[in-house]
Amino acid sequence: MDKRVLKELMQEQYSLLWEREQGVERECLSDISKFIKMPHIVVISGLRRCGKSTLLLQIIHSFYREPVYYFNFEDERLTDFTADDFNNLFELNIELYGKSKVFFFDEIQKAEQWETFIRRLY
């Protein structure tokens, strides 16, 4: 994938992240606070259209301030995204937003070999 296009997508998504409507607060948001300080990978899973992305947005807005790394893989412009592009994604995050240890990936299952990348980050 073209690195310039990836950078544009990242900047677009990041700015929208802080502008998006957060919806009705999820009841489980208060329960999640105990997981926030854990140094482990936390996965939010559930049925389609049950509010996982909304919950993710609420977690970011409730417990974090910039910089965090956020990327949503549900974008038709990412059809050429491959496992090799994860390195570019990581490098561009550092370039654009500075160093962070907090990553939020929405719909990451749409990317090839995402598990390998996540294990390497961990």
Side-chain angles (χ1 to χ4, degrees):
M1 171 166 209
D2 184 284
K3 195 171 181 177
R4 181 184 49 80
V5 173
L6 182 60
K7 184 176 184 177
E8 288 172 9
L9 281 169
M10 292 172 66
Q11 290 173 310
E12 177 185 313
Q13 289 185 12
Y14 197 79
S15 66
L16 290 174
L17 168 71
W18 299 105
E19 297 170 8
R20 275 183 52 198
E21 181 63 37
Q22 296 177 41
V24 177
E25 186 175 305
R26 301 300 189 258
E27 290 179 23
C28 63
L29 190 60
S30 60
D31 296 333
I32 289 172
S33 64
K34 61 186 164 203
F35 298 107
I36 296 301
K37 299 294 183 191
M38 292 177 63
H40 305 295
I41 298 168
V42 177
V43 176
I44 298 171
S45 64
L47 301 172
R48 288 187 71 233
R49 313 279 308 147
C50 69
K52 297 179 298 291
S53 295
T54 299
L55 178 60
L56 182 70
L57 180 67
Q58 290 176 2
I59 291 168
I60 294 169
H61 283 264
S62 296
F63 300 108
Y64 295 96
R65 297 293 171 252
E66 299 177 66
V68 297
Y69 298 154
Y70 170 83
F71 196 70
N72 186 343
F73 288 89
E74 190 169 47
D75 189 309
E76 77 282 355
R77 295 170 288 183
L78 293 168
T79 55
D80 295 336
F81 192 93
T82 66
D84 293 333
D85 292 315
F86 278 112
N87 281 329
N88 288 335
L89 182 69
F90 183 68
E91 290 170 5
L92 286 169
N93 267 308
I94 294 170
E95 176 187 322
L96 292 169
Y97 309 113
K99 294 201 175 206
S100 178
K101 293 182 178 182
V102 181
F103 295 80
F104 292 96
F105 296 117
D106 202 0
E107 300 293 343
I108 195 170
Q109 77 279 0
K110 295 182 181 272
E112 293 179 19
Q113 298 179 338
W114 67 270
E115 305 95 333
T116 306
F117 173 68
I118 297 298
R119 274 194 295 275
R120 182 166 53 94
L121 284 178
Y122 183 64

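Along the sequence shown, the residues carry numbers beginning at 1.
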Of all residues at least two apart in sequence or in a different chain, which pass the side chain to side chain donor-acceptor pair (under 3.5 Å) check with Ser33?
-> none

With sequence neighbours excluded, tell me which residues meet ring pair (Phe, Tyr, Trp, His ring centres under 6.0 Å) with Phe86.
-> Phe73, Phe81, Phe117

Can you name the closest pair of heavy atoms from Ser100 and Pro67 and give their distance?
-> OG-O, 3.2 Å

Contacts satisfying side chain to side chain donor-acceptor pair (under 3.5 Å) that involve residues 111-122 (not counting sequence neighbours) are His40-Tyr122, Asn87-Arg120

Pairs meeting criterion salt bridge (Lys or Arg N to Asp or Glu O under 4.0 Å) with involvement of residues 90-106, two or more places apart = Lys3-Glu91, Lys7-Glu95

Donor-acceptor pair, Asp85 side chain versus Met1 backbone, under 3.5 Å?
-> yes

Please list every donor-acceptor pair under 3.5 Å in which a side-chain atom of residues 9-16 meets a protein atom from a residue at least two apart or in another chain.
from  : atom 1 : to    : atom 2 : distance (Å)
Glu12 : OE1    : Arg77 : NH1    : 3.3
Glu12 : OE2    : Arg77 : NH2    : 3.0
Gln13 : OE1    : Asn72 : N      : 2.6
Gln13 : NE2    : Asn72 : O      : 2.9
Tyr14 : OH     : Val68 : O      : 3.4
Ser15 : OG     : Gln11 : O      : 3.3
Ser15 : OG     : Glu12 : O      : 3.0

Are any of the side-chain heavy atoms of Phe71 and Leu92 separated by less than 4.5 Å?
-> no

Before giving the answer on side chain to side chain contact (heavy atoms under 4.5 Å, CB included), spell out for Ile36 and Val42 the whole-Å C-alpha distance, their side-chain angles and the decisive distance to 0.1 Å.
-> CA-CA 9 Å; Ile36 296 301; Val42 177; over 6 Å; no

Working for side chain to side chain contact (heavy atoms under 4.5 Å, CB included), residues Ile108 and Ile118 = CA-CA 10 Å; Ile108 195 170; Ile118 297 298; 3.8 Å; yes

Taken to the nearest 0.5 Å, the spacing of Leu17 CG from Leu56 CG works out to 8.0 Å

Partners passing side chain to side chain donor-acceptor pair (under 3.5 Å) against Gln109 (at least two apart in sequence or in another chain) | Glu107

With sequence neighbours left out, write down each residue that passes ring pair (Phe, Tyr, Trp, His ring centres under 6.0 Å) with Tyr70, or none if nothing qualifies.
-> none

Cluster link Val102 to Leu96, ILVMFWY, side chain under 4.5 Å = yes

Distance (rounded to the nearest 0.5 Å) between Leu89 CG and Ile94 CD1 | 10.5 Å

Could you state whether Val43 and Leu57 fall into the same hydrophobic cluster, counting links through intermediate Ile, Leu, Val, Met, Phe, Trp or Tyr residues with side-chain heavy atoms under 4.5 angstrom apart?
-> yes

Kindly write out the residues that satisfy side chain to side chain donor-acceptor pair (under 3.5 Å) with Ser62, not counting sequence neighbours, or none if the list is empty.
-> none

Would a hydrophobic clustering, with Ile, Leu, Val, Met, Phe, Trp and Tyr connected at side-chain separations under 4.5 Å, put Ile59 with Ile41?
-> yes

Run the numbers on Phe105 and Phe103 for side chain to side chain contact (heavy atoms under 4.5 Å, CB included), then give the verdict.
-> CA-CA 6 Å; Phe105 296 117; Phe103 295 80; 3.6 Å; yes

Which residues share a side chain to side chain contact (heavy atoms under 4.5 Å, CB included) with Asp2, sequence neighbours left out | Arg4, Val5

The complete set of side chain to side chain donor-acceptor pair (under 3.5 Å) pairs with one or both residues in residues 18-27, sequence neighbours excluded, reads Gln22-His61

What residues, two or more places apart in sequence or in another chain, satisfy ring pair (Phe, Tyr, Trp, His ring centres under 6.0 Å) together with Tyr64?
-> Phe104

